[in-house]
There are 2 protein chains.
Amino acid sequence: MDTLSATLSALADPTRRAILARLASGEASVSELAEPFDMSLVAVSKHLKVLEKAGLISKGREAQWRPCRLEPKPLRQVDDWLESYRQFWNDNLDRLEAYATLLQQGEVDEPSK
Amino acid sequence: MDTLSATLSALADPTRRAILARLASGEASVSELAEPFDMSLVAVSKHLKVLEKAGLISKGREAQWRPCRLEPKPLRQVDDWLESYRQFWNDNLDRLEAYATLLQQGEVDEPSK
DNA sequence: CCTATATTAAACCTATAAGTTAATTAACTT
DNA sequence: AAGTTAATTAACTTATAGGTTTAATATAGG
C-alpha cells in the first residue's frame, strides 16, 4: 500500500484520531493512551501499531514503557495532497460568495422565486 | 460512521483519489471515469457510491448518463481537521531548521561526529 | 528470586471492503 | 418493437480490519 493510502486509512478511525490528538499535547505511554477508551489495551496497542506503520507516531523505550510521540511527516503529506484541491474549493467558494453578493444587491432572483 | 471518518476512509483508496483527481478537471460520466482503470465498470460504480456517500462527489442525470462532479465540502473538512496539527508540524520544522542553521554555522557538532 | 507492571504476540471471531459475473433497469436509436 | 448503451442491483468470494481472550516477554523493585 502506498504511504498516502496508509496514512489516510490510519486517520479514518476515530479512535486513532483521538490518540493523535492526545499525542499532540505531548508524549504518552501505551497504557496512558489506552485509558480513555472503552476497549481492551490490546486493541489500543493494535491501533498504535497501525499509526506507527503509517509513520504517524514513533515509539521510544523507557524501562517497560514505550512512550509514543506524534510524527508530523505523514500529516504534511496529506496537507500537500490537499493542496491540489485547495484551488478547486476556493474557486467554488468564490463563486458562491460572488453569487451571494449579487443576491444581496438584488441583481438576480433567488432560485425559489 | 462520522463524516470525517467516512471522508478519510473514502480517500484512503488510490482508485478513488484518482477519480477525484480526474473530476478536479471537470465533470465526467461513470464510464468515462471507469475507462482508465483495470477493473470492471461495476467496481468503479461502487467506488463512486462510496465517494458519493462521503459527499465527495455528486451525480446528476442527463439521459442515461450520470455526470459526476467533485464536491469540495468534505475536503475542506479534512483541511480544517489538519489545521490543529499544522501548528505542531511547523514547530517541528522550525526546530529542525534552527538546528540546521546551527550546524551550518558550526556552532554544534553533528550527531555522527 | 519472585512478583507486579507494561506491552506485545497468538489465536480466534465477525463484519465489511473490494472485487467478480450475471441479471435488471432505463433511455436513446433505428 | 427491437437493439444498444449506461448504469445499478444482486449474489457471491476473498481478504482484511477491528475487536476479543489468553499467553508470552521484558523490566522494575522488594
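We name chains A, B, ... by the order of the sequence lines, and we start the count at 1 in each one. If you're wondering where the values come from, they're calculated on a predicted model, not measured in any experiment.
Taking CG from B/Leu82 and CG from A/Leu11, the interatomic distance works out to 8.0 Å, rounded to the nearest 0.5 Å.
Looking at A/Thr3 and A/Gln77, their side chains come closer than 4.5 Å, going by heavy atoms from C-beta outward. Using a 4.5 Å cut-off on side-chain heavy atoms (C-beta onward), A/Leu23 and A/Cys68 make contact. Counting heavy atoms from C-beta outward, A/Ile19 and A/Val44 have side chains that approach closer than 4.5 Å.
Rounded to whole angstrom, the span from the NZ atom of A/Lys59 across to the P atom of C/dA6 amounts to 15 Å. A straight line from CG of B/Leu48 to P of C/dA18 spans 13 Å, rounded to a whole angstrom. Atom P of nucleotide D/dA17 and atom CG of B/Leu8 are separated by 16 Å, given to the nearest angstrom. When the C1' atom of C/dT8 is taken as reference, atom NZ of A/Lys49 falls 7 Å away, rounded to whole Å.
In this entry C/dC12 has D/dG19 as its Watson-Crick or G-U wobble partner, both defining distances falling under 3.5 Å.
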**OP:** Summarise how protein sits on nucleotides 19-30 of chain C as a single string, 5' to 3': B when a protein heavy atom is under 4.0 Å from the base, S for sugar-phosphate-only contact, - for no contact.
**Re:** BBBB----SS--
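Taking a cutoff of 4.0 Å between a charged side-chain nitrogen and a carboxylate oxygen, B/Arg86 and B/Glu83 qualify as a salt bridge.
In this view, A/Ala24 and A/Leu70, B/Tyr85 satisfy the side chain to side chain contact (heavy atoms under 4.5 Å, CB included) rule, not counting sequence neighbours.
OP1 and OP2 of C/dA6 both lie 4.0 Å or more from every side-chain N or O belonging to A/Ser29.
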